[in-house]
Amino acid sequence: MAYWLMKSEPDAYSIDDLKVDRRIPWTGVRNYQARNMIRDQMKKGDMAFFYHSNCKEPGIAGIIKIAKEAYPDDIKPGDGRKKRPKKNKVLKMNADPANPTWFVVDVQYQRKLKRVITLTELKSHPELEEMPVARKGNRLSITPVSEEQWNFVLELE
DNA sequence: GCCAACGTTGGC
DNA sequence: GCCAACGTTGGC
């Protein structure tokens, strides 16, 4: 079993939204590195931190579980999709259904953390300096988390 | 709103 | 294939 960190802008979709919806397809990932992780590495049963990005208090807000492994992301904005697309942004869709480029996994709500563990706090611990989200300039929306990092973060809660 | 740190695009 | 220009992410 592997651990991950998945970013979402809470204005677009927050841990509280997922608490209501319970389970959603994690649509809209359009970065090849993140795509490769979704398609090739994420397994059913893997756990992930739900991270709030680009907001007042960036940090880890909850825990989710991978409920279904990768399948083509043919979920168009507005087409039963829960995550709201960014305004003024046209999402590239799969051109050839037989040879998809973009994939999605389903995630299942596990729990909300008692408090948001902020990015500032994550950065303050030397034990987490290798954690991608705590590194300068990191932009990937999906990053791996080691078991040690996972357990360390949960101890902070 | 600024801008660093990338990723992508397209001319050559 | 190189790389300059451009676009995006996301903290601050």
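Keep in mind it's a predicted model, so treat the numbers as computed, not measured. As a basis for the values below, the full set of heavy atoms in this structure was taken, side chains included, without hydrogen atoms, waters or symmetry mates.
- As rounded to whole Å, 6 Å separates atom C1' of dG11(C) from atom NZ of Lys123(A).
- Computed from coordinates, the Arg30(A) CZ to dT9(C) C1' distance equals 16 Å when rounded to whole Å.
- In this structure, the CG atom of Leu5(A) is 15 Å from the C1' atom of dT9(C), given to the nearest Å.
- Under 4.0 angstrom from either OP1 or OP2 of dG7(C) there lies no side-chain N or O belonging to Lys92(A).
- For the pair Leu91(A) CG and dT9(C) P, the computed distance is 10 Å after rounding to whole Å.
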Please list, for nucleotides 4-6 of chain B, all pairs of protein and nucleotide N/O atoms separated by less than 3.5 Å.
unit_1	atom_1	unit_2	atom_2	d
dA5(B)	OP1	Lys136(A)	NZ	2.7
dC6(B)	O2	Arg139(A)	NH1	2.8
dC6(B)	O2	Arg139(A)	NH2	2.7

From CA spacing to verdict: side chain to side chain donor-acceptor pair (under 3.5 Å), Asp106(A), Trp26(A) = CA-CA 6 Å; Asp106(A) 286 355; Trp26(A) 196 265; over 6 Å; no
Passes side-chain contact (heavy atoms from CB on, under 4.5 Å), Val145(A) versus Val153(A)? Steps please.
-> CA-CA 10 Å; Val145(A) 174; Val153(A) 169; over 6 Å; no
Decide yes or no on side-chain contact (heavy atoms from CB on, under 4.5 Å) for Met47(A) and Ile64(A), but give the supporting numbers first.
-> CA-CA 6 Å; Met47(A) 304 293 284; Ile64(A) 57 183; over 6 Å; no
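- For Lys123(A) and Glu129(A), the salt-bridge test fails: no basic side-chain N is under 4.0 Å from an acidic carboxylate O.
- No salt bridge links Asp40(A) with Arg35(A); every basic N to acidic carboxylate O contact stays at or beyond 4.0 Å.
- Phosphate proximity of dT9(C) to Lys7(A): absent, as no side-chain N or O sits under 4.0 Å from OP1 or OP2.
- Asp74(A) places no side-chain N or O within donor-acceptor distance of the main-chain N or O of Asn94(A), the cut-off being under 3.5 Å.
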